Engineer: 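Let me give you the structure first, and then I'll get to my questions.
Keep in mind that what you see is a predicted model, and the values were worked out from it rather than measured. Letters go in sequence order (proteins before strands), and every chain restarts at 1.
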Number of protein chains: 2
Amino acid sequence: MSNEQALKQYDAAKYRTPDGYTSDIAVFTILSEKAEAFKPPVMDLKIMLIQRSMMDSEGRPNMEAGKWALPGGFVDPEESAYQSAQRELREETGVDHIHLEHFGVYDTPGRDPRGWIISNAHYAIVPEHELSHRQARDDASEVELFSVSEVLELDLAFDHAKIIQDAISVIRKKLLETTVAKAFLPEEFTYSELQAVLLTVTNDSAIALDAAFARKIKSLPFIEEAEGKKTTRTSKKPTQLYRFVNMEVNNSIYHAKK
Amino acid sequence: MSNEQALKQYDAAKYRTPDGYTSDIAVFTILSEKAEAFKPPVMDLKIMLIQRSMMDSEGRPNMEAGKWALPGGFVDPEESAYQSAQRELREETGVDHIHLEHFGVYDTPGRDPRGWIISNAHYAIVPEHELSHRQARDDASEVELFSVSEVLELDLAFDHAKIIQDAISVIRKKLLETTVAKAFLPEEFTYSELQAVLLTVTNDSAIALDAAFARKIKSLPFIEEAEGKKTTRTSKKPTQLYRFVNMEVNNSIYHAKK
DNA sequence: AAAATAGTGTCTTTTAGACAGTATCGG
DNA sequence: CCGATACTGTCTAAAAGACACTATTTT
């Protein structure tokens with residue numbers, strides 16, 4: 001084959017290359033606002049941000065210092081954007097071993113004052129205990145969870161306001177159109193706990209009304225009863241526990257729901 | 001602000017930069033196999049590929065010469081991946097002014113023998129007439145439409161087999177879960193034409209049976225009757241025409257379909 | 001017994017699926 | 001009037017929504 005010849009004559013200088021290739025990560029979780037005994041939870045959707053420190057790890061002034069930002073940073077050679085996202089998350093916040101998903105590329109010229117810098121945006125959806133060890137490190141002076149209803153009022157670095165806004169709509173859609181609600185719940189959960197998760201992104205009556213939702217959960221093909229298992233953490237009356245079944249969800253707009 | 005200081009001390013050489021940043025485009029269309037008079041169509045899902053020419057535009061041997069590949073190429077400075085995709089598509093195939101969507105990033109080390117080359121994969125879904133002027137140019141010696149059921153048997157360049165496979169599942173999902181079927185149909189269409197489009201990706205009875213689907217199309221909230229308009233292009237009996245309504249589709253797995 | 005959450009009973013209305021039967025036209 | 005496509009009629013079963021009512025527990 002002629003690839004070797006072609007490679008020899010390939011002139012890398014002919015193309016301008018990016019000045020940087022980065023990853024950013026939007027980590028979402030849901031917190032129970034007030035967890036009283038025998039009460040179903042009231043939940044709120046949160047996003048984890050870092051505050052960019054004044055100096056970088058080598059003592060030089062940092063870009064966008066002091067502003068709130070998504071964790072993230074430069075992709076290393078021989079590393080994919082995905083791996084870099086995991087590494088940066090670990091290095092800046094101490095959060096590790098969570099599943100990330102890519103949802104967008106941000107490469108608008110001018111989005112970063114340092115030059116032509118391309119960012120891969122990722123999101124993650126995790127239960128709070130995955131974030132319990134969070135701790136600001138490296139370039140980050142703080143790590144904090146913000147309610148998505150308020151996060152856009154902060155002074156955000158680079159074009160992160162746009163990235164965060166996009167991430168929030170992806171999460172809303174994902175929560176209703178896939179079974180990721182699972183990630184915000186214990187392995188086994190009550191109808192009212194699932195309901196509380198969904199109510200962070202919708203207020204439709206079919207979900208908001210207890211009787212309707214308690215019945216509906218039994219007919220959802222991707223949820224099964226944990227037979228014989230009950231809990232009293234949400235009410236005095238023991239409540240049935242459910243769990244998610246591992247399956248592909250049929251979401252066709254032309255087919256009936258089965 | 002201290003961004004100027006930070007910029008001054010920012011050392012670009014500290015990070016290895018990618019050797020290239022490219023875009024690839026998977027353009028899909030649907031062809032009517034045999035279009036007889038008074039017959040509903042039988043359709044097939046196709047993808048447009050180019051054959052990489054032996055020499056590049058400057059007369060040097062080309063990478064992966066002779067293999068079939070997705071149209072695409074290097075992103076120019078001051079251009080987004082999206083714009084680059086449009087430009088490359090125009091330059092290599094003559095196809096222009098179609099809507100592209102990003103669906104993945106391919107950056108696995110080793111995917112391209114020229115080095116660390118990151119590719120943004122895009123797809124497009126267009127009616128055939130948008131491709132009627134297609135013509136091989138630049139690096140491409142041929143442009144051809146392949147049935148998705150056969151395309152993976154070809155000798156494909158780089159990691160395009162993987163990219164194409166991913167693109168096909170994205171299209172299947174999109175066709176059933178969104179209203180993009182619209183793009184494969186004339187503005188006004190019959191139930192059997194929409195049916196033919198959907199049958200390229202499913203064979204569910206609710207869609208395959210005429211009576212069931214003819215009735216269902218009237219209850220779909222995102223499709224309306226073209227009142228009083230009929231055609232005889234699919235049968236001797238004049239057939240009702242329909243059109244898509246512009247609306248967001250509710251796809252929640254927890255809600256009823258309305 | 002009161003209060004609170006978790007359900008079930010029951011009714012009404014819609015929807016889905018199956019399949020037989022009717023309608024319309026060109027040739 | 002045959003053949004082919006496009007429907008409509010009708011029945012049955014299941015699902016969805018509303019809302020009253022019952023069940024279980026702690027304090």
Engineer: Taking only the side-chain nitrogens and oxygens of B:Lys218, find out if one of them lies under 4.0 Å from OP1 or OP2 of D:dT8.
Structural biologist: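 For B:Lys218, the contact criterion (side-chain N or O under 4.0 Å from OP1 or OP2 of D:dT8) is met.
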Engineer: Could you work out, with salt bridge (Lys or Arg N to Asp or Glu O under 4.0 Å) as the rule, every residue matching B:Lys173, not counting sequence neighbours?
Structural biologist: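 So B:Lys173 forms a salt bridge (Lys or Arg N to Asp or Glu O under 4.0 Å) with B:Glu177.
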Engineer: Sequence neighbours left out, what passes side chain to side chain contact (heavy atoms under 4.5 Å, CB included) with A:Lys162? Give chain and number order.
Structural biologist: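 Partners of A:Lys162 under the side chain to side chain contact (heavy atoms under 4.5 Å, CB included) test: A:Tyr106, A:Asp166.
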Engineer: With A:Tyr191, which residues qualify under side-chain hydrogen bond (donor to acceptor under 3.5 Å, both in side chains), at least two apart?
Structural biologist: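 By the side-chain hydrogen bond (donor to acceptor under 3.5 Å, both in side chains) rule, A:Tyr191 matches no residue at all.
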Engineer: Between D:dA18, C:dG27, C:dG17, which nucleotide gets closest to the side-chain atoms of A:Ser205?
Structural biologist: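 Out of D:dA18, C:dG27, C:dG17, the nucleotide with an atom closest to A:Ser205's side chain is D:dA18.
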Engineer: I want to verify a distance call: between D:dA6, C:dA18, D:dT27, whose nearest atom is closest to the B:Leu209 side chain?
Structural biologist: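 Nucleotide nearest to B:Leu209's side chain: C:dA18.
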Engineer: Is there a side-chain contact between A:Ser192 and the phosphate of C:dT5, meaning an N or O under 4.0 Å from OP1 or OP2?
Structural biologist: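 Checking A:Ser192 against C:dT5: no side-chain N or O falls below 4.0 Å of OP1 or OP2.
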Engineer: If you only use heavy atoms from C-beta on, which nucleotide in C:dA18, D:dA4, C:dG7 is closest to the side chain of B:Lys39?
Structural biologist: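 Of all the options, the side chain of B:Lys39 is nearest to D:dA4.
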Engineer: Check side chain to side chain contact (heavy atoms under 4.5 Å, CB included) between B:Ser147 and all other residues, then give those that pass, not counting sequence neighbours.
Structural biologist: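 If we apply the side chain to side chain contact (heavy atoms under 4.5 Å, CB included) test to B:Ser147, skipping adjacent residues, the hits are B:Asp44, B:Lys46, B:Ser149, B:Glu150.
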Engineer: So which nucleotide from C:dT5, C:dG7, D:dG17 ends up closest to the side chain of A:Lys216?
Structural biologist: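 Comparing C:dT5, C:dG7, D:dG17 against the side chain of A:Lys216, the answer is D:dG17.
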Engineer: Classify A:Thr234 by what it touches in the nucleic acid, base, sugar-phosphate, or nothing, heavy-atom distance under 4.0 Å.
Structural biologist: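 It contacts sugar-phosphate atoms only.
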Engineer: Distances for protein N/O vs nucleotides 19-24 of chain C N/O pairs under 3.5 angstrom?
Structural biologist:
none

Engineer: With ring pair (Phe, Tyr, Trp, His ring centres under 6.0 Å) as the rule and sequence neighbours excluded, what pairs involving residues 220-245 of chain B come up?
Structural biologist: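 The answer is A:Tyr254-B:Phe222, B:Phe189-B:Phe244.
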Engineer: Any side-chain N or O of A:Tyr191 under 4.0 Å from OP1/OP2 of C:dG7?
Structural biologist: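 For C:dG7, OP1/OP2 do not have a side-chain N/O of A:Tyr191 under 4.0 Å.
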